[in-house]
Amino acid sequence: MKLYNTLTRRKDELKPLNDKQVTMYTCGLTVYSQPHIGNWVAYIYWDVLVRALKAEGYTVNRVQNITDVGHLTSDEDAGEDKMLRGALAEGTTAWEVADKYSKVADDEAYNKLGLLRPDHMPRATDYIPQQIVFVQELEKKGYTYQINDGVYFDTSKINNYGKLAKLDIDGLQFGARVEDTGKKNPTDFAVWKFSNPEEKRDMEWDSPFGDDGQKGFPGWHLECSVMARELLGDQIDIHTGGIDHIPVHHTNEIAQTESITGTQFAQLWVHNNHIKVDGTKMSKSLGNIYTLSDITEKGFDVQAFKLLILSKHYRTEGNFTWDILGAAQNALNHWKATADLIWQLPEQRSASNLADSIQASLIDDLDTPGAITTINAYINTFGESKHSPAKGDLKSIEQLLGIQLVGEDISGAQKQLISEREQARIAKDWQKSDEIRQLLTQQGIEVKDTSNGPIWSRL
RNA sequence: GGCGCCGUGGCCGAGUGGUUAGGCAGCGGUCUGCAAAGCCGCGUACACCGGUUCAAAUCCGGUCGGUGCCUCCA
């Protein structure tokens with residue numbers, strides 16, 4: 001399995017630290033509001049990555065956290081707490097907001113999108129003591145300092161800070177866009193923030209830091225470092241996330257973890273690009289943020305959304321429009337209609353190497369467009385075939401890409417209708433024939449008269 | 001302003017120094033009671049200007065255009 005490694009800026013071969021077991025960490029959602037399709041884009045790619053790893057014979061131990069505290073609206077440790085903002089918007093507490101959107105996200109990801117559930121889905125608030133210990137360790141080693149609003153990591157203490165993003169540290173100065181809040185260096189970041197005494201916080205904890213009785217909460221970057229270490233160990237094989245996390249979040253995870261462990265944190269850093277909407281960034285201010293429900297309410301299949309996403313490489317920027325989704329839906333319908341031939345025509349006997357071909361694409365830096373091209377070529381061989389695809393081949397597609405193709409057989413009554421219609425056609429009773437076809441259409445079944453006889457598919 | 005990324009045929013989207021990507025949409029034909037599908041055929045793309053090379057859409061330089069992060073937002 002080769003993956004493009006942001007650390008080295010080239011495709012690197014995966015060489016797991018522990019033989020055939022792969023450890024993988026993904027930064028999960030901050031559960032403060034309704035997830036949108038951009039969130040799911042990353043989830044879909046990493047889902048296929050896990051599927052490909054399993055097909056390669058690896059066992060995968062995967063952590064995807066749930067951020068429910070500490071994520072501020074600015075990466076620079078300023079701004080509001082996203083959870084509190086969510087609570088304010090809904091007139092409830094941060095705890096309830098976290099609970100609500102954790103459930104929403106869970107339902108959408110694992111029920112609606114049918115993604116594979118990660119092995120561990122820790123919540124940051126369940127790891128507060130561990131995070132405090134982590135900060136204490138950093139303190140002991142002299143990596144931190146305390147100012148007014150929290151305990152900060154001193155990035156000047158390490159010599160390769162910013163190696164992931166290839167940051168030009170010297171070029172960064174306090175000034176126009178980098179506010180001077182008392183930090184020693186512009187890149188320093190909070191590992192523990194103190195609660196503002198003027199504000200009521202739903203989520204805050206006692207800690208050994210600050211004044212006596214002063215409450216606080218963990219820094220966002222710290223959470224991932226701690227949960228990864230607690231659940232996967234000092235070193236992991238693959239760390240995934242969005243490209244937006246390269247300069248700050250992942251850079252800081254590396255700084256913290258490697259300062260503690262003294263070894264390399266993740267071997268492979270894999271980042272997905274984003275998807276735009278109508279050629280521009282999805283943003284609240286533009287009001288162009290779509291959710292999974294928007295897609296289904298327009299009558300599209302979430303599987304079509306997955307196909308749309310997998311049609312482009314995870315590292316290239318994507319675009320979402322309803323037209324593009326419509327094209328993906330058409331392509332999916334074609335795949336599904338071909339899959340439904342298994343109920344109608346004898347199964348193709350000759351062995352195909354479909355699974356191997358798909359897998360060959362996936363292990364080359366998760367080349368899902370290549371895999372889809374392979375599948376299209378395969379599907380197209382059934383255009384005038386007297387056979388249906390092999391069930392094993394369809395299963396391979398479903399297992400490797402996570403796109404469901406095979407539906408249920410139609411009912412006996414519907415089969416009877418198709419048979420009656422065929423009798424009417426033989427008798428040239430076109431009126432009856434068309435009436436039956438109309439009836440089936442109302443039941444969501446389309447019948448086509450082919451050289452192989454009547455063939456149905458779902459509308 | 002700082003740091004990036006990208007520019008492929010109607011749309012989406014791979015790829016790469018010399019060989020048809022593919023999908024979606026469209027057009028013509030065929031088949032067909034009709035419809036749809038299938039089948040056959042059709043667009044000869046790679047922003048622009050230079051350079052390197054026997055050969056560049058593919059490498060290098062520049063220009064133009066778009067766009068991302070730094071602020072709501074993955």
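Each chain gets a letter, A, B and so on, in the order the sequences are listed, and its residues count up from 1.
Using a 4.0 Å heavy-atom criterion, one finds that S311(A) contacts the sugar-phosphate atoms exclusively. Looking at heavy-atom distances under 4.0 Å, D434(A) makes contact with a base. Backbone-only engagement by G383(A) is indicated by non-hydrogen atom pairs under 4.0 Å involving sugar-phosphate atoms exclusively. Base contact: I275(A) has a heavy atom under 4.0 Å from a base atom. Among the heavy atoms of the strands lying under 4.0 Å from R421(A) is at least one base atom, whether or not backbone atoms are also near. Using a 4.0 Å heavy-atom criterion, one finds that R315(A) contacts no nucleic acid atom at all. When heavy atoms are screened at a 4.0 angstrom cut-off, E446(A) is found touching the sugar-phosphate backbone but no base atom. Among the protein residues, N380(A) comes within range of the sugar-phosphate backbone only, with heavy atoms under 4.0 Å from sugar or phosphate atoms but none that close to a base. Backbone-only contact: A331(A) has heavy atoms under 4.0 Å from sugar-phosphate atoms and none from a base. Using a 4.0 Å heavy-atom criterion, one finds that H36(A) contacts the bases of the nucleic acid, with or without backbone contacts as well. Within the nucleic acid shown, K312(A) comes within 4.0 Å of sugar-phosphate atoms alone, with no base atom in reach, counting heavy atoms only. Residue V447(A) is in base contact, counting any heavy-atom pair closer than 4.0 Å across all strands shown. Contact annotation for D449(A): base contact, defined as any heavy-atom pair under 4.0 Å involving a base atom.
Note on ring orientation: taking the six-membered ring where Trp is involved, the planes of F189(A) and Y161(A) are parallel (angle under 30°, cut-offs 30° and 60°).
Within the 4.0 Å cut-off from OP1 or OP2 of C73(B), at least one side-chain nitrogen or oxygen of Y32(A) is found. Contact annotation: N330(A) side-chain N/O to G23(B) OP1/OP2 distance is not under 4.0 Å. Between K276(A) and G66(B) there is no side-chain polar atom (N or O) within less than 4.0 angstrom of OP1 or OP2. The shortest distance between the side-chain N/O atoms of T316(A) and the OP1/OP2 oxygens of A14(B) is below 4.0 Å. At the phosphate of A74(B), neither OP1 nor OP2 sits under 4.0 Å from any side-chain N or O atom of Y290(A). Contact between the side-chain N/O atoms of H271(A) and the OP1/OP2 oxygens of A74(B) is not found at any separation under 4.0 Å.
At whole-Å resolution of the value, CD in Q442(A) and P in A35(B) are 20 Å apart. Atom CD1 in I372(A) sits about 12 Å away from atom C1' in C12(B), given to the nearest Å. At whole-Å resolution of the value, CG in N452(A) and C1' in U32(B) are 15 Å apart. A straight line from CD1 of I246(A) to P of C69(B) spans 13 Å, rounded to a whole angstrom.
Salt bridge annotation for D107(A)-K112(A): present, with a cationic side-chain nitrogen under 4.0 angstrom from a carboxylate oxygen. Ion pairing between a basic and an acidic side chain is recognised when a charged N comes within 4.0 Å of a carboxylate O; D449(A) and R421(A) show such pairing.
The nucleotide U52(B) finds no pairing partner, because no Watson-Crick or G-U wobble arrangement with both distances shorter than 3.5 Å includes it. Across all strands shown, U30(B) pairs with G38(B); the Watson-Crick or G-U wobble distances both stay below 3.5 Å. Pairing of G65(B), defined by two Watson-Crick or G-U wobble distances under 3.5 Å, is identified with C6(B). Searching all strands for a Watson-Crick or G-U wobble partner of A25(B) with both distances below 3.5 Å returns nothing.
Atom P of A55(B) sits at a distance of 28 Å from the matching atom of G43(B), rounded to the whole Å. For the P atom pair drawn from G17(B) and C59(B), the interatomic distance equals 8 Å after rounding to whole Å. For C39(B) and G4(B), the C1' atoms lie 49 Å apart once the distance is rounded to whole Å. Going from the P atom of U44(B) to that of G65(B) covers 30 Å, rounded to whole Å. A distance of about 50 Å separates the C1' atoms of G29(B) and G61(B), rounded to the whole Å. Between G9(B) and G26(B), the distance separating the two C1' atoms is 13 Å to the nearest Å.
When L440(A), L417(A), D340(A) are each tested for a side-chain contact (heavy atoms from CB on, under 4.5 Å) with W456(A), only one passes: D340(A). Test D367(A), D393(A), I397(A) against I358(A) for side-chain contact (heavy atoms from CB on, under 4.5 Å) and you get one pass: I397(A).
The side chain of M282(A) sits closest to A74(B) out of C34(B), A74(B), A37(B). Counting only heavy atoms from C-beta on, N376(A) has its side chain closest to G23(B) among A35(B), G23(B), C12(B). Side chain of T373(A), nearest nucleotide from A21(B), G68(B), G23(B): A21(B).
The aromatic ring centres of H250(A) and H239(A) sit less than 6.0 Å apart. Between W40(A) and Y45(A), the ring centre distance reaches or exceeds 6.0 Å.
If you find the closest nucleotide of RNA chain B to H313(A) and to A377(A), the one lying nearer the 5' end belongs to H313(A).
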Q: Determine, stepwise, if the pair H245(A) / W269(A) fulfils ring-ring contact (aromatic ring centres under 6.0 Å, His included).
A: CA-CA 11 Å; H245(A) 287 151; W269(A) 284 86; over 10 Å; no
